Amino acid sequence: MTTPYSMEELVSLCKRRGFIFPASEIYGGINGFWDYGPLGTELKNNLRDAWWHDMVHCPPMGPDGEPLSIVGIDSSIIQNPKVWEASGHVGGFNDPMVDCRESKSRYRADHLLCLGVKGDTSGQIYAYIENDDDSLASAQKKLEKYVKRTLSSEEIDTCALTELSVEELAITVGPDTKTVGTLTEPRQFSLMFDTTVGATGGEENKAYLRPETAQGIFLNFMNVVDTMRVKVPFGIAQIGKAFRNEVTPRNFIFRSREFEQMELEWFCHEDEAQQWYAFWCDYRKKWWQQMGLTTGNLQMRQHDSDELAHYAKEGCGTFDIEYKFPFTDPGYGELEGVAHRGNYDLSRHTEFSGKKINYFDQQKNERYTPHVIEPSAGLSRGTLALLCEAYTPDDRPSKVFMKFNPRIAPIKAAIFPLVNKNGMPEIATKLHEEMRKQHVVQYDAKQSIGKRYARMDEAGTPYCFVIDGDTLEDNTITVRDRDTATQERINIDQAVAFLNDKLNQ
RNA sequence: GCGGGUGUAGCUCAAUUGGUAGAGCGUCAGCCUUCCAAGCUGAAUGUCGACGGUUCGAACCCGUUCACCCGCUCCA
C-alpha cells in the first residue's frame, strides 16, 4: 500500500498550522535548516519529555525484574577538538570523494581500487569499486581489451585510488565509463561544522560543533561514576542538538544539518552486552509504538557488516528502527539506531587523554572497561514520523485531521461556548482557566462551531469540550472526539478528570 | 555534486502573443448563529523567491543566484 498523501500536502499543513517553517524564510531560507513553530515546538517537546520520562525518570524494568538505573546529563555542544580525533569523527567524517564527469557518479575515494599492468607506467589505469566483483571484473576486462591479451594475476598491479598521482589520475578510467581522465581529484567533504573559539580567531583555535551527543556522555563517564553512586550496568542519557554538514539535505526535516538526538549510553559488562543489546532493541521498538507509530510503518533492520559504523565494528552490530515515510515509501528511513559500540569509545578516550576511564566491580573484584549499548534516536526525525503518521485524509470539513496520540498532541483539548452569549462564554472561560493549570488547552469562541472543530482537527487536538444550553440547566457539557467526531455528555465537574484519564491511557 | 521540475496573498492556484496583479479557501471585525470550515456585511494582506540585463514598458524574455520537490549520489 502506498502512502495516501504526498509530502507537499504535509509540508503545507505544517506551514499553515504553525508546526514547521523554513529557517530564515524572509531571506530566502537556508538549505538544511528548519524552524519549529508553536505547535511543532509543543509536539517536539512532548516527544522529548516522553523519552526523558520513559528512559530516565521511569525507565523500564530490566530482564531480571529490577528497575534500570539511568541518569541524565547535558554536555556542551563544543568540546576540546581532541574529542573528535579520539572518537574517530575527524577521520571518519572526512571522506574524500571522487566525481566522474562522464557518468555523473560519485564515489568515496577510499572505496576505489585501481588495476594496471605491472611495471607499465605509460598505459591506462582502471578504477573499480572495492568489494564489488562485477566492478572488478569489468575493470579487468577493460584492461585486457586495452592491452589486447589475457593477463595473469601476477602481471596485474593493484593499488588504492588515493595513492595515484595527478598524472596517473589523468590516465585512469572510472568504474562506470570507458574514457580516461573523467575522474576528479579526491575532494574532502568535512561532515563536521567548524567554528572558532575566542574572539581573535585563527586556525589554532578551530573547534567543532558536535556531530553526535554521545561523546559528551563518554567524556563524563568517570564524573558520573564518581558522583552518582551508580553501578554497572547503568545508563547515561542526553538530549540535545547535533550538527552535520550533510552532502545533500533533503526530505523536509528528515536530513537537516542541525537536528536533535535522544541518546542513551548503556554501560555493561562485556559478558552481558549481547543480552542488553537484545533488551534495548525490543524495548525501543515498543516505545515508538507507544508514541503512536502503530500502523505497521515500523520495522527493525539488522545492519549488514559492510555498513557498520567505525565504532560498531568492535561490537556485534547495529539494529535500525525504521519508519516508512512518504518519501521513502515503499522503503524505510532510519528513526533510531541501537548500536553495540563495544568499549571502543571509552578505550579511545583512555588512549587519547591518558586518563583512567574504567570501572571497578567490588563484588567480583574486577576492573574493566564497560561495553556500551547505544539506543540513539532522532528527535527531529521522530517528530517528523509523528507528523507523517498523524496525517489522516478524511471526508470531514477540514479534509484532513492530525491523529496524534493524545500523550504527544500539541494541544490536549479545546473549550468552546456553543454560542458566544447567554452565559456560555463565562462558564467556558472558567473551565478553560481551570484546565490550563494542568494541560495545554485552548479557548475559542470565534466563528461557527464547525470551523472551530475543523481548526482543532488540523492541529490534532484530541478533545473539544463544548458548553451549550443544557449546561445552564444541568451542568453537563459535551465532549467531542477528534477521531470519530462523535460526542458524549459529561458533568462539567468531571471534565478535568475525564481529560486526565484519557491522557493517561 | 549531477539531471529534471517548481517558485505569484497565510494555503491552493489564475493572469490571452511582454501593457505596472486576481480568485477560492483561510485570517480579522461586526451581525447572526443551540453542534461540524453554515449565512450576511465589511476589512487587511503581495517589492510576482532574489539580483542583474533586454525593452518605452517584464510576473511573463535572457543571465546569475537562492530555496523547495523528484531522480541519481551520499548518508555518522
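Order of the sequence lines fixes the chain letters, A, B, ..., with proteins taken first and strands second; residue numbering starts at 1 for each chain. All of these numbers come straight from a predicted model, not from anything done at the bench.
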Please tell me if A:Gln447 has a side-chain N or O lying less than 4.0 Å from either OP1 or OP2 of B:A38. no
Is A:Lys399 touching bases, backbone alone, or none of the nucleic acid, heavy atoms closer than 4.0 Å? nothing
So what does A:Asp468 touch, heavy atoms closer than 4.0 Å: a base, only the sugar-phosphate, or nothing? base
Report the nucleotide, chosen from B:C70, B:U73, B:C35, that has the shortest atom-to-atom distance to any side-chain atom of A:Leu418. B:C35
Please determine which of A:Tyr453, A:Tyr463, A:Phe465 meets the ring pair (Phe, Tyr, Trp, His ring centres under 6.0 Å) test together with A:Phe416. A:Tyr453
Out of B:A37, B:C68, B:C35, which has the shortest distance to the side chain of A:Arg489? B:C35
Among B:A29, B:U27, B:C35, which nucleotide sits nearest the side chain of A:Lys446? B:A29
The Watson-Crick or G-U wobble partner of B:U64, with both key distances under 3.5 Å, is B:A50
Describe the nucleic acid contact of A:Phe252 in one word from base, sugar-phosphate, nothing, applying a heavy-atom distance below 4.0 Å. sugar-phosphate
Opposite nucleotide pairing with B:G57, Watson-Crick or G-U, both atom distances under 3.5 Å: none
Counting only side-chain nitrogens and oxygens, does A:Arg16 get under 4.0 Å of the OP1 or OP2 atom of B:U12? no
Within a strict 4.5 Å, meaning less than it, do heavy atoms of the A:Val338 and A:Tyr283 side chains meet? no
Any A:Asn422 side-chain N or O less than 4.0 Å from OP1/OP2 of B:U34: no
Using 30° and 60° as the class boundaries, would you call the ring planes of A:Tyr5 and A:Tyr391 parallel, tilted or perpendicular? tilted
OP1 or OP2 of B:A38 sitting under 4.0 Å from any side-chain N/O of A:Lys451? yes
Provide, to the nearest angstrom, the distance between the CG atom belonging to A:Leu39 and the C1' atom belonging to B:C11. 16 Å
Could you tell me the separation between the CE atom of A:Met456 and the C1' atom of B:C36, rounded to a whole number of Å? 14 Å
Have a look at A:Arg482 and say if it touches a base, only the backbone sugar-phosphate, or nothing, with a 4.0 Å heavy-atom cut-off. nothing
Find the distance A:Tyr5:OH to B:C69:P and express it as a whole number of Å. 15 Å
Sugar-phosphate only, base, or nothing, as touched by A:Glu458 at under 4.0 Å among non-hydrogen atoms: base
Among A:Phe325, A:Trp34, A:Phe259, A:Phe327, which residue satisfies the ring pair (Phe, Tyr, Trp, His ring centres under 6.0 Å) criterion with A:Phe252? A:Trp34
Which nucleotide in the list B:C74, B:A29, B:C36 gets nearest to the side chain of A:Tyr453? B:C36
Examine A:Arg257 relative to A:Phe243 and say whether NZ or CZ is less than 6.0 Å from the centre of the six-membered ring and inside a 45° cone about the ring axis. no
With a non-hydrogen cut-off below 4.0 angstrom, is A:Arg452 in contact with a base, only sugar-phosphate, or nothing? nothing
To the side chain of A:Val419, which of B:G1, B:C28, B:U34 is closest? B:U34
Can you figure out which of B:U33, B:C69, B:C11 approaches the side chain of A:Asn420 most closely? B:U33
Closest contact, heavy atoms only, A:Asn220 versus A:Gly216: ND2-O, 2.8 Å
Below 4.0 angstrom from OP1 or OP2 of B:U33, is there any side-chain N or O of A:Lys421? yes
Among B:U33, B:C36, B:A37, the nucleotide that comes nearest once only the side chain of A:Gln487 is considered: B:C36
Base, sugar-phosphate, or nothing for A:Ser448, non-hydrogen atoms under 4.0 angstrom? base
Scan A:Arg396 against the nucleic acid and name what it touches under 4.0 Å (heavy atoms): base, sugar-phosphate only, or nothing. nothing
With sugar-phosphate meaning primed atoms plus P, OP1 and OP2, does A:Met424 contact a base, only sugar-phosphate, or nothing at under 4.0 Å between heavy atoms? base
Hey, are the side chains of A:Ile427 and A:Met424 touching, using non-hydrogen atoms and a 4.5 Å cut-off? no
Atom CG of A:Asp481 and atom P of B:C36 are separated, to the nearest Å, by 16 Å
A:Ile20 CD1 to B:C69 P, in whole Å, measures 12 Å
Send over the distance from A:Lys15 NZ to B:U27 P, rounded to a whole Å. 16 Å
Atom-to-atom span, CG of A:Leu13 to P of B:U12 - whole angstrom: 11 Å
How would you label the contact of A:Gly32 with the nucleic acid (heavy atoms, under 4.0 Å): base, sugar-phosphate, or nothing? sugar-phosphate
